[in-house]
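For the numbers below, each heavy atom of this structure counts, side chains included, while hydrogens, waters and symmetry mates do not.
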Amino acid sequence: MMYLYALLFAFTVVIVLVPIVRQFAVRYGFVDRPSKRKIHDEPVPLSGGIAIFLGVIGTSLLFLDHSSMFRTLMIGGTVLVLAGLIDDYYKSRSREFPVWPRLVAYIMVALVPVFQGIVIQGVSAPSSAAMILFTPAIGSIATVVWVFALINMLNFIDGVDGLASGVCVISSLTLFAASLIGNQPSTAIVAVALAGSCLAFLTYNFHPARIFMGDAGATFLGYTLAVTAVDGTLKGATILSLSVPLLALGVPILDTAIVFIRRLTKGQGLHRADNMHTHHSLMKWGLTQVQTVSFLYLIAAVLSLLSIVVLLALR
């Protein structure tokens, strides 16, 4: 019942806060304005990330107290939301915020779980009880790379109404199931809080979206999923169980890989924003926004189910 209460609490916080932050954004012109690269025709408020952040942090504080997981989310999440709000402010003025300050912030945030002891420790063969332990330096680098990558990957797929929030619901529920199987209650609380927050936000964000989460929300989602995966399945994984978080987060990972390959073959900068993502391609082929999002939901669900099958098979 504790997990159900956590989900309902997070859902309630976000469902109540979204109209409030939306009204604030509209009043002060904090909106995402249409451009050639974007697919919406009218300005849309850019403040949903604040509600998602408060939903996850509030639930974590209520059910986890001041654990290392809570401190990790609070410190890293606060930095990401503030940096994202600055980026979103530039967007609302039809300007681009420089990429390097954001990258520095992302790297600093990716170090937070390391200092809180949430680190990838090593891997073991599936048929052996022995584990290959990473040195502290290697484990820390692997964790930072993983967290940094997921922060950016979730941000990359936030380009169609309801895509990032819906995929996050599927991924977080998968990590919740993995945490229950692994008897990790604190990680399960964070995962279910994230699912409840994103599910509530999705009621406002599904097409036609009445509010966007902005960079503040997308980067926080990526960070929370990354930290949850490390604490839940990556700390001391077998070689085969490494596939569990990779499958659970398969849609943003595959999308990023495809986009980077395209950019490299065309000689473009990897950090340059464009319309080469999977959701853009699907819409160019004639799918509507709802069809595109539904198709990617299906892919995410299939990959998540595969990850649970792998996890159960390894037990």
Specify the closest pair of heavy atoms between [X] and [Y], including all atoms of both residues, with the distance to one decimal.
| X | Y | value |
| --- | --- | --- |
| Ser171 | Ala248 | OG-O, 2.7 Å |
| Asn205 | Gly162 | OD1-N, 3.0 Å |
| Val169 | Cys198 | CG2-CB, 3.5 Å |
| Ala216 | Asp88 | N-OD2, 3.4 Å |
| Asp231 | Ser186 | OD2-OG, 4.1 Å |

Are the side chains of [Y] and [X] in contact, using a 4.5 Å heavy-atom criterion?
| X | Y | answer |
| --- | --- | --- |
| Pro113 | Tyr223 | yes |
| Thr143 | Ile118 | no |
| Met108 | Val79 | no |

Next item on the list: Decide whether Leu305 and Phe295 are clustered together by the hydrophobic rule: side chain heavy atoms of Ile, Leu, Val, Met, Phe, Trp, Tyr closer than 4.5 Å, transitively.
Entry: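 No; tracing contacts between hydrophobic side chains, which count when under 4.5 Å, never links both residues.
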Note to self: List the residues meeting ring-ring contact (aromatic ring centres under 6.0 Å, His included) with Phe24, not counting sequence neighbours, and say none if there are none.
What the structure shows: Tyr28
Check: Applying side-chain hydrogen bond (donor to acceptor under 3.5 Å, both in side chains), which residue pairs with at least one partner in residues 4-17 are found, sequence neighbours left out?
Finding: none
Check: Side chains of Ser179 and Thr187: is there a donor and an acceptor less than 3.5 Å apart?
Finding: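 Judged by distance alone, the side chains do not pair up.
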Item checked: Gln23, CD: over 12 other non-hydrogen atoms inside 6.0 angstrom ->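 No, CD of Gln23 has 12 or fewer neighbouring heavy atoms, counting only those of other groups under 6.0 Å.
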Margin query: Does the plane of the ring in Tyr297 sit parallel, tilted or perpendicular to the ring in Phe206? Use 30° and 60° as the thresholds.
Written below: tilted
